[in-house]
Q: 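The structure's right below; bear with me while I get my questions together.
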Amino acid sequence: MRIVLLFLFMLFYTSANAELLKVAAGAGYKKPMMEVIKEYEEGVKKIEPFFGNMKQVSAQAKQTNMSLIVGDKRFLSKKSKLEFKGFVSLGKGRVVVAYPKGKKLDDIYALMRDDIKRVSMPQPKKAIYGIAGVEFLNSTEMYEKIKDKLYIVATVPQSMTYIVANEVDAGVVNLTAALANISRIGGYVEVPERFYKPIDIVAGKLLSCNTKECEEFIEFLQTDTAKDIFKKYGL
């Protein structure tokens, strides 16, 4: 009898976990995505999330039956080497320069000030906002002037961690991270969009997005509830 009950439990456990919808996103969008997922699940676990820089996310998608990836459309469609069935627009990513409490930057060119000695930035070869950070520094002709100040980290959350801890004088992050941590930092200045290529944040539908559960979550991402959350985080 015990063996039968154990078998039934394992069968149920395996079946329940097989139904979890796997959704990944860039690390910089963890907070809004977790809020959206919480609203969607309503107390019942339906989604298995994964967060990291986009190369980590792409690698994870190649090894598992990932259904959706939330991130920069340019990277997903051209650099991820993944096959997508389509994309659903969620908003526009925006680059900002955030600074810790005790500092004050009036504009992005303040990065060249002598008292700004250390500037954190996500990895330019792996992270969306690292790529955009280099684009804006080159567009403003600041890169060569401040390159020795740059402190390269893996992701937006790591860049923000250094800002919050007052271990850097400023940092390149996205507006989403700045708004999520606004009470813990000194503030931020937004980088004009003309200084970097557009960042279209989308939900990319992978081949595994072939279930009712995946389509239902895609539909939820387009509801006013989800849109209000994304808007709250600067998307």
Side-chain angles (χ1 to χ4, degrees), residues 25-32 52-55 71-76 78-79 89-202 230-235:
Y29 293 102
K30 182 175 181 177
K31 284 195 174 182
N53 65 50
M54 295 313 293
K55 285 201 172 183
D72 172 37
K73 184 179 181 180
R74 180 175 38 149
F75 178 89
L76 294 177
K78 296 181 179 180
K79 297 183 179 181
S89 179
L90 302 180
K92 184 181 294 185
R94 288 183 278 179
V95 182
V96 303
V97 176
Y99 49 90
K101 290 183 177 181
K103 288 286 183 182
K104 173 64 177 175
L105 275 65
D106 295 320
D107 56 43
I108 57 176
Y109 297 98
L111 291 176
M112 294 188 290
R113 286 185 348 212
D114 290 341
D115 65 313
I116 304 299
K117 301 183 182 299
R118 200 180 194 204
V119 180
S120 60
M121 185 171 74
Q123 171 59 251
K125 294 182 179 180
K126 297 180 180 180
I128 300 168
Y129 292 94
I131 295 169
V134 170
E135 288 174 352
F136 112 72
L137 290 176
N138 282 326
S139 296
T140 54
E141 300 183 350
M142 285 197 290
Y143 185 80
E144 290 299 322
K145 298 174 183 177
I146 73 163
K147 64 181 181 180
D148 292 336
K149 298 181 180 184
L150 296 178
Y151 182 68
I152 304 301
V153 297
T155 62
V156 164
Q158 288 184 359
S159 183
M160 180 56 69
T161 296
Y162 280 96
I163 298 167
V164 170
N166 220 322
E167 293 185 15
V168 294
D169 301 303
V172 175
V173 294
N174 59 6
L175 180 59
T176 299
L179 292 175
N181 292 276
I182 196 64
S183 65
R184 306 168 69 199
I185 61 175
Y188 66 88
V189 290
E190 191 164 342
V191 178
E193 293 182 42
R194 67 180 182 276
F195 290 138
Y196 57 93
K197 294 178 182 177
I199 300 174
D200 297 320
I201 304 302
V202 299
F230 290 133
K231 185 177 180 180
K232 181 176 73 172
Y233 285 97
L235 289 173

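All residue numbers in this chain count up from 1 along the given sequence. Computed from a predicted model, the values in this text were never measured in an experiment.
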Q: Is it true that a side-chain atom of Ser159 and a backbone atom of Val172 form a donor plus acceptor pair closer than 3.5 Å?
A: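 Side chain of Ser159 to backbone of Val172, a donor-acceptor pair under 3.5 Å: yes, one is there.
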Q: Would you call Met54 and Leu76 a side-chain contact if the rule is heavy atoms closer than 4.5 Å?
A: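 Of all side-chain heavy-atom pairs linking Leu76 with Met54, at least one is under 4.5 Å.
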Q: Where the side chain of Asn166 meets the backbone of Lys101, is there a donor-acceptor pair that is under 3.5 Å apart?
A: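 Pair found, side chain donor or acceptor close to backbone of Lys101.
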Q: Where the side chain of Lys149 meets the backbone of Ile116, is there a donor-acceptor pair that is under 3.5 Å apart?
A: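 Here the side-chain-to-backbone pair exists.
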Q: What I'd like to find out is whether the side chain of Val189 reaches to under 4.5 Å of the side chain of Asp106, using heavy atoms alone.
A: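 Counting from C-beta outward, Val189 and Asp106 never come under 4.5 Å.
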Q: What I'd like to find out is whether the side chain of Val95 reaches to under 4.5 Å of the side chain of Tyr129, using heavy atoms alone.
A: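 In contact.
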Q: Does atom NZ of Lys126 have more than 12 heavy-atom neighbours from other groups under 6.0 Å away?
A: no
Q: Can any side-chain N or O of Glu190 pair as donor or acceptor with the backbone N or O of Leu175 at less than 3.5 Å?
A: no
Q: What is the distance from atom OG1 of Thr176 to atom CZ of Phe230, rounded to the nearest 0.5 Å?
A: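 Those atoms lie 9.5 Å apart.
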Q: So, does Asp169 use its side chain to make a donor-acceptor pair with the main chain of Lys117 at under 3.5 Å?
A: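 Answer holds: yes.
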Q: If the plane angle is over 60° it's perpendicular, under 30° parallel, otherwise tilted; pick one for Tyr109 and Phe195.
A: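 Answer is perpendicular, since the angle exceeds 60°.
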Q: I'd like to know if the side chain of Arg74 reaches the main chain of Asp200, judged simply by a donor and an acceptor atom lying under 3.5 Å from each other, with no hydrogens or angles considered.
A: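 No: the side chain of Arg74 does not pair with the backbone of Asp200.
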Q: Heavy atoms, side chains only, cut-off 4.5 Å: are Leu150 and Tyr143 in contact?
A: yes
